[in-house]
Amino acid sequence: MSDTSELKPAPRPDDRESHGFFGQPRALANIFGVEMWERFSFYGMQGILLIYLYYSAEKGGLGVDQATAAGIVGAYGGAVYLSTILGAWLADRLFGSERVLFWSAVVIMAGHVALALLPGFAGVIVGLIFVAVGSGGLKANATRIVGTLYDEHDSRRDAGFSLFYLGINLGAFFGPLLTGLLQTTWGFHYGFGLAAVGMAIGLIQYSIGRKRLPAEAKQIPNPLPAKRYPLVIGIAVAGLVIVLALVLTGVITAQNLALVVIALTIAAAVAYFAVILSSRLVNGEERSRIVAFIPLFITNAAFWSLYQQQFTVLTIYSDERLDRNLFGWEFPVSWVQSINPVFIIILSGVFAAIWTKWGDKQPSTPLKFAAGTILMGLAFWLFLFWAGGGKNSTPLLAIVGILFAFTVAELLISPVGLSASTKLAPRAFQAQMVALYFLSVALGTAMAGQLAKLYAPATEGIYFGIIGGVAVAIGAVLALLSPWVLRMMRGVR
């Protein structure tokens, strides 16, 4: 294993001192842009993916049953975040974050092209694999590059991540609106094609500005020795052969795909924590911070298992239960996915201003996590007011109100979690620590797909009540543990 003790930090770029992008470093604008277009393509495609799977052939879909379709979407979403491991490892050991981000964007675009051009399940299989792998590489490294723009104790850091999150949600707002409109007028493959165009724009924009990024973004923190290349290649080939064999023998099926992703994610998370905690490249203070991250990891997974049901349960609910009549016109199902980003766009600046104004007096990271998870559970309880209704029985304003609660909960935990993963990261495992954060999102997303298989209108009161209650309980436990977690974070708030 290569010793990184001799690595010297890159000279501090002047851009870290700049305030040219809404009070943040100018280089943030480039990462803001590529993430915005990636999210445009990602959420645009995901906004129509579930209904593409379960709509009948007469409606342009593939005719998969709803429970299986929801499981596939959840598993795919989990695989996106699970693949951040690969993207982070490639950055930390072989290529550096900046180069991995660029090529990940190319892979994402290829995936959307496959969905647009290949018919039937061939397009779904090829497209989702490419998008999942590429998105994992881009997400882990975009977040890590944003972290390189700030010193550890720069008070603008959380505000910067909130602005970065604004870029994500600008893309998430426009994506479902436009792909949904194309899907309802011209067909699903035109919607998928628009997602490919969006990613192409993001790739071009990033290519133009990538040279202005800090040198630290291009560094390889823990280079892999050349003599270990054959071993790594052998493991990769063996892994692919095993997965292919499990699929061909029927061990992995569309019906159990979400459970498979859940199991893989748990195994990967346990292995990752063990590797990082036992590494000789991690000192005592860094090890304490990693231990503090464990309860945050568990809480974050619980939060996302509810939040990501926007793409499973809420999509089915919107298709069958929501009154989508808008001035005499029934708007596309995917448009519901754009409600949450509207609130994010409005409120992310408010939250950034609050955290900046409060400075060191703002609530600690574990308390923000606890509050966000409790509020997410309460948002699920809001569904109980309309439980048991029939077709078109839920007014649009009800879903708007529920998604407003989703948004406030998200802003308490998601940008804060991204920021915490960079602040708590050991120097030798910077991008891989961000991958650990996304592993918790992967676990929650796959769980959202598995939980969606339990949803049924006849028992939805029990469904929303129990799941919401579990989230409230988990958030309360973290709030009680927050003093200990804060001590273990060793000066990081």
Side-chain angles (χ1 to χ4, degrees), residues 30-43 45-46 75-115 126-148 164 167-168 171 195-196 198-207 209-210 213 216-224 232-233 235-236 239-240 243 261 264-265 268-269 272 418 421-422 425 429-442 445:
N30 193 30
I31 308 303
F32 175 98
V34 70
E35 186 75 1
M36 179 185 71
W37 284 109
E38 189 272 333
R39 292 292 89 180
F40 173 93
S41 65
F42 181 88
Y43 284 110
M45 179 273 284
Q46 190 154 303
Y76 154 72
V80 168
Y81 296 100
L82 183 60
S83 64
T84 57
I85 297 175
L86 175 62
W89 187 88
L90 289 172
D92 276 353
R93 305 304 304 273
L94 292 176
F95 305 116
S97 288
E98 190 279 327
R99 200 184 311 178
V100 172
L101 189 153
F102 174 81
W103 287 106
S104 294
V106 174
V107 172
I108 293 169
M109 186 176 67
H112 289 300
V113 170
L115 276 164
V126 174
L128 294 188
I129 289 174
F130 273 58
V131 174
V133 172
S135 295
L138 191 146
K139 289 185 72 64
N141 289 290
T143 304
R144 189 250 163 160
I145 291 173
V146 172
T148 66
F164 174 64
I168 291 173
M199 190 65 253
I201 295 172
L203 184 59
I204 293 170
Q205 173 262 310
Y206 177 73
S207 299
R210 62 189 295 205
L213 294 172
E216 187 180 346
K218 303 174 184 179
Q219 286 183 335
I220 305 171
N222 186 18
L224 183 72
V232 170
I233 294 172
I235 291 173
L240 290 174
V243 170
V261 174
L264 285 175
T265 306
Y272 242 92
L418 288 171
S421 68
T422 64
F429 296 92
Q430 294 172 15
Q432 292 178 78
M433 192 68 174
V434 176
L436 255 181
Y437 167 80
F438 283 123
L439 272 181
S440 67
V441 182
T445 303

With a 4.5 Å limit on heavy-atom distance, are the side chains of Val131 and His112 in contact? yes

Might you point out which heavy atoms bring Gly134 and Ser104 nearest each other, and give the distance in Å? O-CB, 3.2 Å

I need the minimum non-hydrogen distance between Val261 and Thr265, along with the two atoms involved. O-OG1, 2.6 Å

With rounding to the nearest 0.5 Å, note down the distance linking OG in Ser421 to CG in Leu436. 9.0 Å

Side chain to side chain, Leu94 and Val100, heavy atoms closer than 4.5 Å: no

Do side-chain atoms of Ser97 reach the backbone of Ile145 as a donor and acceptor pair under 3.5 angstrom? no

d(Ser135 OG, Phe42 CZ) to nearest 0.5 Å is 5.5 Å

What do the steps show when you test Leu86 against Val133 for side chain to side chain contact (heavy atoms under 4.5 Å, CB included), and what is the final call? CA-CA 8 Å; Leu86 175 62; Val133 172; 4.3 Å; yes

Is a donor on one side and an acceptor on the other found under 3.5 Å between the side chain of Gln205 and the backbone of Asn30? yes

Answer yes or no for Arg99 and Phe95: cation-pi contact, defined as NZ/CZ to six-membered ring centre under 6.0 Å and angle to ring axis within 45°. no

Please tabulate, for the side chains in residues 75-82, all donor-acceptor contacts under 3.5 angstrom to protein atoms that are two or more places apart in sequence or on a different chain.
none

Would the distance check show the side chain of Asn141 and the main-chain N or O of Gly87 forming a donor-acceptor pair, the cut-off being under 3.5 Å? yes

So which of Glu35, Glu38, Glu98 actually passes side chain to side chain donor-acceptor pair (under 3.5 Å) with Tyr206? Glu98

What's the verdict on side chain to side chain contact (heavy atoms under 4.5 Å, CB included) for Lys139 and Arg39, showing C-alpha distance, side-chain angles and the deciding distance? CA-CA 10 Å; Lys139 289 185 72 64; Arg39 292 292 89 180; 3.6 Å; yes

Applying side chain to side chain contact (heavy atoms under 4.5 Å, CB included) to Ala114 and not counting sequence neighbours gives Leu118, Val126

Looking only at heavy atoms, what is the nearest atom pair of Leu439 and Thr84, with distance? N-OG1, 4.4 Å

Return the minimal non-hydrogen interatomic distance between Leu203 and Ala105, and the atom names on each side. CD1-CB, 3.5 Å

Using side-chain heavy atoms (C-beta onward) and a distance below 4.5 Å, is Met36 in contact with Ile168? no

Grab the two heavy atoms, one from Phe130 and one from Ala110, that are nearest each other, plus how far apart they are. CD2-CB, 3.8 Å

I'd like to check the side chain to side chain contact (heavy atoms under 4.5 Å, CB included) partners of Ile201; sequence neighbours left out, ordered by chain and number. Trp37, Val197

